[in-house]
Number of protein chains: 2
Amino acid sequence: MTQIKAPAERAASLTATSAVSTINDVARLAGVSIKTVSRVMNNEPNVREETRAKVKEAAGLLHYRPNLLARSLAGSRSFLLCLLYHNPVPTYINNMHQGVINRCRQSGYHLLAEPQDLQGGDLERSIAGLLATVRLDGVILTPPLCDMAVVMQTVEAAGVPYVRVSPFLYPGRTATVRMDETRAAREATQYLLNKGHRDIGFIMGHPEHGGTHLRYQGYVSAMRDAGIEPRAEWIKQGYFNFESGVEAGKAYFAAEKRPTAIFSSNDDMAFGLMSVAQQLGIRIPDDISIIGFDDTPGCTLIWPHLTTIRQPILDMAYAAADILLSRTSGEEDGPAMNDIVRELPFTLIERDSVRAL
Amino acid sequence: MTQIKAPAERAASLTATSAVSTINDVARLAGVSIKTVSRVMNNEPNVREETRAKVKEAAGLLHYRPNLLARSLAGSRSFLLCLLYHNPVPTYINNMHQGVINRCRQSGYHLLAEPQDLQGGDLERSIAGLLATVRLDGVILTPPLCDMAVVMQTVEAAGVPYVRVSPFLYPGRTATVRMDETRAAREATQYLLNKGHRDIGFIMGHPEHGGTHLRYQGYVSAMRDAGIEPRAEWIKQGYFNFESGVEAGKAYFAAEKRPTAIFSSNDDMAFGLMSVAQQLGIRIPDDISIIGFDDTPGCTLIWPHLTTIRQPILDMAYAAADILLSRTSGEEDGPAMNDIVRELPFTLIERDSVRAL
DNA sequence: GCCAAATCTGACAACGCTGTCAAATAAATT
DNA sequence: AATTTATTTGACAGCGTTGTCAGATTTGGC
């Protein structure tokens with residue numbers, strides 16, 4: 001009873017200095033045990049309404065915010081999500097990032113961004129280390145990590161729920177957020193076919209990215225549906241970056257007969273391709289039509305504006321975060337993790353880089 | 001003595017399953033106290049070399065990784081840095097992000113990315129909440145947050161060391177990483193002057209960004225040095241985004257007499273400007289010369305390639321992280337936080353958007 | 001070979017919270 | 001009114017580490 005005044009005094013100073021107060025301070029001020037404060041802060045049931053109000057008021061007065069680290073150590077949740085990535089396309093990660101963080105905000109979560117080095121070789125060590133070091137409530141895997149067995153194994157071994165964005169291999173292994181890349185690629189190809197193109201080139205993406213194969217399949221199937229067998233000289237290997245687009249362009253334009261249209265597996269390579277065309281005086285779309293994939297900001301910067309497939313990256317990020325967050329927010333009765341597949345729609349964005357033949 | 005075998009057995013299974021082991025496991029396996037393990041893991045002195053080796057071996061065998069959360073709770077370090085930002089230019093944040101993370105990696109640190117909503121109004125609540133929720137070893141403030149008194153006060157009240165990147169107001173308030181924006185802007189302007197331009201427009205950046213004023217000063221001083229008093233109709237207000245560049249462009253090109261060159265406070269606005277020019281059939285650089293600021297990837301995508309000032313963002317990120325990390329890595333004898341100013345060099349990147357008159 | 005000083009090591013109490021479980025209180029039943 | 005049952009509450013033991021401090025061991029000086 002004697003020390004009851006202490007926290008009140010401290011409260012006064014706190015409002016001024018905004019120093020941190022602990023659960024103990026709140027408990028004393030409200031005249032309850034710390035466990036009760038804990039219950040209120042976590043919206044647990046079985047607290048009398050009157051008590052709850054009392055605690056809330058005390059907490060408000062003291063500007064109390066539960067310490068994340070302590071919660072995590074004592075309890076079963078860490079309030080931490082992690083985006084594990086290795087991606088050559090900055091805009092992609094950017095959007096993923098932002099989308100996930102947006103959702104985290106709403107749930108009092110925070111995001112750890114962890115780019116991974118693929119070259120270094122010790123991916124497993126790196127990820128296992130991370131997972132041992134900080135307890136995570138969920139991990140989001142983007143391509144190409146989402147298709148790597150080591151990565152999945154490591155995350156699974158740590159018992160951390162995870163979702164894969166646009167995976168290619170091992171379907172049904174865990175929750176998935178995707179876009180129908182094959183169909184998108186097919187529609188892009190069909191768009192070209194509808195415009196009267198027959199000789200259609202295709203620049204493949206990085207071979208380690210699942211999307212690469214999916215998009216390739218889409219291209220091939222659309223071509224075959226149109227009764228055209230894709231020729232080897234139409235298909236170039238790229239790596240999802242500007243430079244590989246340049247290389248592909250050089251190869252195409254050095255050949256005697258070039259395609260009338262080229263479908264690039266992503267925008268950055270299309271930009272590289274366009275840059276070579278520019279240099280060689282090959283006009284787009286007059287001399288050659290080009291279509292990309294991603295709808296990065298550069299599409300409207302480059303001239304002519306690039307026709308492309310828009311990937312709903314932000315929405316995919318939202319979906320991925322939501323899956324993980326709904327897991328941790330109590331409701332245990334959701335569908336099994338590996339049953340979740342969320343497929344988001346793509347859009348073909350018509351701009352100026354394709355002409356009808 | 002009887003339970004000594006347990007950890008060894010567990011070790012065997014651990015190598016297989018990669019489950020987490022605690023400091024206790026290591027201590028038992030090495031036959032020392034947990035405190036000694038702690039000392040070894042933290043590279044503290046006063047451990048016999050032999051003991052140290054023994055512990056290290058045990059830790060290696062068990063794949064032991066100290067739990068970050070527990071360390072943070074018990075000790076004085078959290079191994080967490082935070083990038084607080086609100087930025088209209090994604091590439092900027094992207095680079096900051098990546099630079100900081102790179103450095104964090106080397107020191108076993110992790111990065112929390114925390115974009116802030118400026119509209120919502122409750123910036124203080126948001127940041128204070130974050131700081132109360134998770135103990136941070138350091139915060140990095142980018143423009144415009146780095147110039148906001150509330151933000152600094154809040155961080156200071158929490159006693160968290162922080163560094164400001166490219167601040168404008170309150171010099172010397174804390175460690176700073178910067179670039180001489182005024183000089184950069186002056187050189188950009190002088191570059192235009194040297195090419196024979198006299199009527200030089202200037203698109204200002206977002207008024208809440210300190211760099212805006214610095215760059216403006218550089219422009220004005222270069223003009224005056226050349227004996228030219230900048231005219232009001234040459235100067236347009238922008239907001240660092242594409243759209244405001246478009247607006248500025250419309251304004252310039254609607255006027256009877258337009259400048260022969262325009263210096264845009266950043267690339268994105270320059271892109272907007274170029275896009276309007278394109279639409280109006282105004283040729284760059286024949287009819288108008290344009291220079292940007294930032295050197296974003298779009299510069300080599302757009303046609304003609306944009307001459308611009310390169311900001312060493314990645315290096316600034318490194319510097320910022322280094323300042324914070326050197327603080328926490330024991331050495332207390334560094335210079336006072338508010339004495340640190342690291343200034344990095346800019347570069348004028350000459351491309352094709354400016355012509356000599 | 002003995003004592004002081006330097007060097008190493010370990011017990012134990014935090015850190016701020018949650019989980020478990022038992023005690024206290026209120027409500028419902030007889 | 002006496003039980004039984006449901007609802008609220010709190011004590012206490014962790015969670016996995018580091019800090020403090022005292023005890024044990026080694027080293028150096030004579």
Side-chain angles (χ1 to χ4, degrees), chain A residues 7 10 19-55 58-59 62-80 108 131-137 328 330, chain B residues 7 10 19-55 58-59 62-80 108 131-137 328 330:
Chain A
R10 194 169 161 198
V20 280
S21 50
T22 74
I23 197 171
N24 263 294
D25 302 329
V26 180
R28 282 205 292 262
L29 182 57
V32 299
S33 75
I34 57 168
K35 181 64 223 193
T36 298
V37 177
S38 170
R39 287 199 182 90
V40 173
M41 297 312 294
N42 290 291
N43 278 314
E44 284 173 27
N46 296 333
V47 179
R48 215 191 321 158
E49 217 35 66
E50 188 193 327
T51 313
R52 195 180 291 273
K54 208 165 51 179
V55 170
L62 295 170
H63 295 298
Y64 170 66
R65 307 293 306 256
N67 181 316
L68 210 79
L69 281 38
R71 287 225 272 193
S72 167
L73 193 57
S76 49
R77 296 196 288 169
S78 72
F79 301 91
L80 245 33
L131 264 29
T133 297
V134 348
R135 175 185 300 146
L136 296 170
D137 284 352
T328 60
Chain B
R10 194 168 161 199
V20 280
S21 49
T22 75
I23 197 171
N24 264 293
D25 302 329
V26 180
R28 283 204 292 262
L29 182 57
V32 299
S33 75
I34 56 169
K35 181 65 223 191
T36 298
V37 177
S38 171
R39 287 199 182 88
V40 173
M41 297 312 294
N42 289 290
N43 278 315
E44 284 173 28
N46 297 333
V47 179
R48 215 191 320 158
E49 216 35 66
E50 188 193 327
T51 313
R52 195 179 292 272
K54 207 166 51 179
V55 170
L62 295 169
H63 295 296
Y64 170 67
R65 306 293 307 256
N67 181 315
L68 210 79
L69 280 38
R71 287 226 274 192
S72 167
L73 192 57
S76 49
R77 297 195 288 168
S78 72
F79 300 92
L80 246 32
L131 264 28
T133 298
V134 352
R135 175 184 300 146
L136 296 170
D137 283 352
T328 59

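For the numbers below, each heavy atom of this structure counts, side chains included, while hydrogens, waters and symmetry mates do not.
- A straight line from CD of A/Glu50 to C1' of D/dT7 spans 14 Å, rounded to a whole angstrom.
- Side-chain contact between A/Ile34 and A/Thr22: absent, with no pair of heavy atoms (C-beta onward) separated by less than 4.5 Å.
- A heavy-atom distance below 4.5 Å is not found between the side chains of B/Val40 and B/Thr51.
- Separating the CD atom of A/Glu44 from the C1' atom of D/dT8 is a distance of 13 Å, rounded to the nearest angstrom.
- Contact annotation: A/Thr36 side-chain N/O to D/dG10 OP1/OP2 distance is under 4.0 Å.
- In this entry the distance linking CG of A/Asn46 with P of C/dC21 reads 16 Å, nearest Å.
- Atom CZ in A/Arg135 sits roughly 7 Å away from atom P in D/dG16 (whole-Å rounding).
- Residue B/Leu73 contributes atom CG, which lies 4 Å from atom C1' of C/dC15 at whole-angstrom precision.
- Between A/Asn24 and C/dG16, a side-chain N or O to OP1/OP2 separation shorter than 4.0 Å is absent.
- Each of B/Gly75 and B/Pro45 lies near DNA chain C, and the nucleotide nearest B/Pro45 is the one positioned closer to the 5' end.
- Note on B/Ser72: nothing from the nucleic acid sits closer than 4.0 angstrom, heavy atoms only.
- Judged by distance alone, the side chain of B/Arg39 and the main-chain N or O of B/Asn46 form no donor-acceptor pair under 3.5 Å.
- Under the 4.5 Å side-chain criterion, counting only non-hydrogen atoms from C-beta, B/Val134 is not in contact with B/Ser78.
- When rounded to the nearest whole Å, the span between NZ of A/Lys35 and C1' of C/dC21 equals 11 Å.
- D/dC15 atom P lies 19 Å from atom CD1 of A/Ile23, rounded to whole Å.
- Within the 4.0 angstrom heavy-atom criterion, no nucleotide atom of any strand lies near B/Phe79.
- Across the protein-nucleic acid pair, A/Arg71 atom CZ and C/dG19 atom C1' stand 14 Å apart, rounded to whole Å.
- B/Arg65 comes within contact range of the sugar-phosphate backbone alone, with a heavy-atom separation under 4.0 Å but no base atom that close.
- Between the side chain of B/Asn67 and the backbone N or O of B/Leu69, at least one donor-acceptor pair lies under 3.5 Å.
- The side chain of B/Arg48 approaches C/dC8 more closely than any other nucleotide in the set C/dC8, C/dC17, C/dG10.
- In terms of phosphate contacts, B/Ser76 brings no side-chain nitrogen or oxygen within less than 4.0 Å of OP1 or OP2 of D/dT18.
- Taking only side-chain nitrogens and oxygens, B/Ser38 comes nearer than 4.0 Å to OP1 or OP2 of D/dT18.
- Listed nucleotides: C/dT9, D/dT17, D/dC15. Nearest to the side chain of B/Arg39: C/dT9.
- Listed nucleotides D/dT18, D/dG10, C/dC17 differ in distance to B/Ile34; the shortest reach to its side chain belongs to D/dT18.
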